[in-house]
Amino acid sequence: MPAKPRSIQRASVKAPAKKSRPRSSKSSEIAGAAGELHQVAGAGVPTLTTQQGVPVSDDQNTLRIGASGPALLEDFHFREKIFHFDHERIPERVVHARGFGAHGFFECYQSLSKITKADLFQRAGERTEAFVRFSTVAGSKGSPDLARDVRGFAVKLYTKQGNWDLIGNNIPVFFIQDAIKFPDVIHAAKPEPDCDFPQAQTAHDNFWDFISLTPESIHMAMWIMSDRAIPRSFRFMEGFGVHTFRLVAENGRSTFVKFHWKPKLGLQSVLWNEAVKINGADPDFHRRDLWNSIQAGSFPEWELGVQLLDDAFVKRFPFDILDPTKLVPEEDAPVRRVGQLVLNRCVDNFFAETEQVAFCTQNIVPGIDFSNDPLLQGRNFSYLDTQLKRLGSPNFTQLPVNAPRCPFRTLQQDGHMATINPINRVNYEPNSWGGESGGPREDPKNGFRSYPAQEEGEKIRQRPETFADHYSQARQFYMSQTPVERGHIARAFTFELSKVQKVAIRERVVAHLRNVHEDLATEVRRNLRLQTMPKPALAALPTRTDLKPSRALSILQNPPPSFAGRKVGVLISDGVDSKLLGALRRAVTGAGATVEIVAPNVGGVEASDGTWIEADQKLDGAPSVLYDAVALLLGESAGATLANVAPARDFIADAFAHLKVIAYTAGGLQLIEGALGRAKIDEGFVKLQSPKSIKTFLDACARLRVWSREPKVMLR
Ligand code: HDE
């Protein structure tokens, strides 16, 4: 037993965001902590009522005849409670079911009035309320956050001219070119229909069967096999509108545009081996990260970028800007940063806000318009339709998270759960009632007008020939990656295809990879141990080899500006040097990162000077996969003891395997020697002995990973 604590150190947490509802975590604020097991209404404690407002006298027992007798149907409180509970769930989204949302604002940097009349882009410095929902695509609502998958990045902007929903992904291209194939690609990705597994994984026959028979999907397949599909945090990923849209100016001029969200904290992903383990250790890793950083006042931020594509560019660009399987490299059309998005408030109620938010691609505002991208056109039908299914009433637009913040008046009425109901006699138009009692009327000047594009042609089912090149940009993506990233792509294909049982499907995918890059195909073939190299897949057009690599497509070539927003896991034990810990904590928080204290017991440890230090996590509940870097601040003999303890060995072994920077004290060295062996110590290890060494540690942390270690720890 440790001696009685003399003083208690607590993890320093920044003040919560002003508008977020603070959560009580102090045990003294929890009813019952003082010993009473059951509280009743009284001074300051509200009375429980039924939905009809009738006060409830007993919420513990159903109404019965005698203590052991049958229950009575007349127990209206019981029936109301169970009835409501039975109907608490609504259908989860058919795709993007797993998601997490937050509130914030968009701030315009400069007036874009020359290119769009959209109100939110008119005045520098003006803020527009926003709600954002991040998601995975394939998994169901309860699936783990670190599935290898595309992330949804859906933004609702409550502008003064109505709601604009920009519903994008963290990958700038999509699997298919025509919306009619969407049910197919999603069916193929979701659990197989007979056995209903695998959950939230594309590593199965059906998915790769579809991909290998759909050459247009190969570009996107390259992206999802890259580290983009396993982001470290929603805060460290980019967002893309994917489709080309139009911006329309007051004078009617239209400019094609692609939208980008650039995270201010830079890009970062996890390693696949890490992702698999995070899913076990903390399936809520991404949502917890978003919630905690907003609560701590460290608000996630992105800049909105626009790529403006004028007619001359559209003509000379080698691909069709309406093809959603293609991107426009930033080197070809620069991304102009026009504003920032800040998320500064967590939801008060997950269901009311994150689950009920209804994004619709059709929600655009004057100054923004659709293009003829065939995927976008199909989405404009699907989203409205799906919201009716999920939310059960056309009045979902009246829910607080969906309702515009600007004045709105329609002549629509009634339906399930209408909360905004006409108060006038007149609910039709035209009508001869004048003024206010005549109700709202159309506004030819300020109302939304579609861009009057000239359209003509035969009524046919056919793809444009300009969509036919399926491999050139896939190759360009591969060529834009660093050798480390290329290795990850090859290993991801190997992992996924190793789970595919039909050899013919594995071969078909490799046949496509030959059209992307021979090096990639060769490595995947070798790793799969395919006996012969398949012939290249038949291609509608040969792969272009003249496209220049684009740095913007690589994660590692766009590193974060600093270690800010990251997290250090500090493993401590009895006998820890509290002064060193304090100095480390100050340095890490000073760098804008956070410290989480991990100890053998959550109650804490006794430092060498007798102070008591509380832990945030118990060691076996906080493996090192949850941190960006680790520090082992162990007492004199504790390291040797912990070297025999499985979770402690895993803590250091995984930190090493996941290429993390590891700081250690003399006690920490004992754990390293016992679990890894002294020979493993490389340039990613920093001995902590002085303030200077803490700086060395933080400088190394800013590089995020020790890539030079990777070849020593990877299986091919
Ligand atoms: Fe979606 N998609 N999608 N999608 N999508 C939905 O709408 C659909 C596509 C995206 O956080 C659904 O409300 C079709 C591209 C996000 O609530 C549904 C097609 C992109 C979200 C639907 C696509 C997306 C959805 C299901 C092919 C990136 C989550 C639930 C034409 C640009 C929004 C819902 C949220 C959700 C249909 C393709 C992104 C069924 C038919 C391309 C981020 O309506």
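For ligands, and for the atoms within them, numbers begin at 1 and follow the listed sequence. Starting from 1, each residue takes its place in the sequence as its number.
Near I167, the atoms of ligand 1 lying under 4.0 angstrom from a non-hydrogen atom of the residue are 10 (C), 16 (C), 21 (C), 28 (C), 32 (C), 43 (C). Listed by atom number, the atoms of ligand 1 under 4.0 Å from V94 heavy atoms are 40 (C). Near A179, the atoms of ligand 1 lying under 4.0 angstrom from a non-hydrogen atom of the residue are 31 (C). Taking every heavy atom of S382 and a limit of under 4.0 angstrom, the matching atoms of ligand 1 come to 18 (C), 22 (C), 37 (C), 40 (C), 41 (C), 44 (O).
Atom CD1 of residue I321 and atom CG of residue L309 lie 5.5 Å apart, to the nearest 0.5 angstrom. Distance OG/S226 to CD/Q481: 6.0 Å, rounded to 0.5 Å.
Ion pairing between D320 and K326 fails under the 4.0 Å rule for side-chain N and carboxylate O. The pair K181-D178 fails the salt-bridge criterion, with no side-chain N (NZ, NE, NH1 or NH2) lying under 4.0 Å from an Asp/Glu carboxylate O. Here D310 does not pair with R316 in a salt bridge; the nearest charged N to carboxylate O distance is not below 4.0 Å. With respect to K548 and D332, no salt bridge is recorded, no charged nitrogen being found less than 4.0 Å from a carboxylate O. For E129 and K156, the salt-bridge test fails: no basic side-chain N is under 4.0 Å from an acidic carboxylate O.
Where the criterion is an N or O separation shorter than 3.5 Å, residue side chain and backbone included, Q387 meets it with respect to ligand 1. Considering backbone and side-chain N/O of R133, one or more are found under 3.5 Å from N/O of ligand 1. In terms of polar-atom proximity, S135 is not counted as a contact of ligand 1, lacking any N or O under 3.5 Å from an N or O of the ligand. Inclusion of R93 in the set of residues having an N or O under 3.5 Å from an N or O of ligand 1 is warranted. Note: no N/O pair closer than 3.5 Å links R390 and ligand 1 by distance alone.
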Run the salt bridge (charged side-chain N to carboxylate O under 4.0 Å, His left out) check on D282 and R288 step by step: do they pass?
CA-CA 9 Å; D282 186 5; R288 191 187 304 282; 2.7 Å; yes
Any chance you could lay out the ring-ring contact (aromatic ring centres under 6.0 Å, His included) test for W164 and F259, step after step, and finish with the verdict?
CA-CA 13 Å; W164 174 32; F259 295 107; 5.3 Å; yes
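Taking the six-membered ring wherever Trp is involved, the centroid distance between the rings of W223 and F175 does not fall below 6.0 Å. Ring centers of F134 and W261: at least 6.0 Å apart, outside the cut-off.
Of the protein's non-hydrogen atoms, N169 ND2, 3.2 Å is the one closest to atom 28 (C) of ligand 1. Ranking protein heavy atoms by distance to atom 32 (C) of ligand 1, first place goes to R379 NH1, 3.2 Å. V95 CG2, 3.5 Å is the protein heavy atom nearest to atom 26 (C) of ligand 1. Nearest to atom 25 (C) of ligand 1 among the protein's heavy atoms is H96 CD2, 3.2 Å. Taking atom 43 (C) of ligand 1 as the reference point, the nearest protein heavy-atom neighbour is G168 O, 3.2 Å. In terms of protein heavy atoms, atom 8 (C) of ligand 1 is closest to F182 CE2, 3.3 Å.
With 2.8 Å as the limit, T361 does not count as an N, O or S neighbour of atom 1 (Fe) of ligand 1.
Within the 4.0 Å heavy-atom criterion, the part of T386 lying near ligand 1 is the side chain and not the backbone. Of all the heavy atoms of Y383, the ones lying under 4.0 Å from any atom of ligand 1 are found in both the backbone and the side chain. Counting heavy atoms closer than 4.0 Å to ligand 1, residue V242 contributes side-chain atoms (C-beta onward) but none from N, CA, C or O.
Not a single heavy atom of P324 lies less than 4.0 angstrom from ligand 1.
Counting non-hydrogen atoms of other residues, nucleotides and ligands closer than 6.0 Å to CZ of R405 gives a total above 12.
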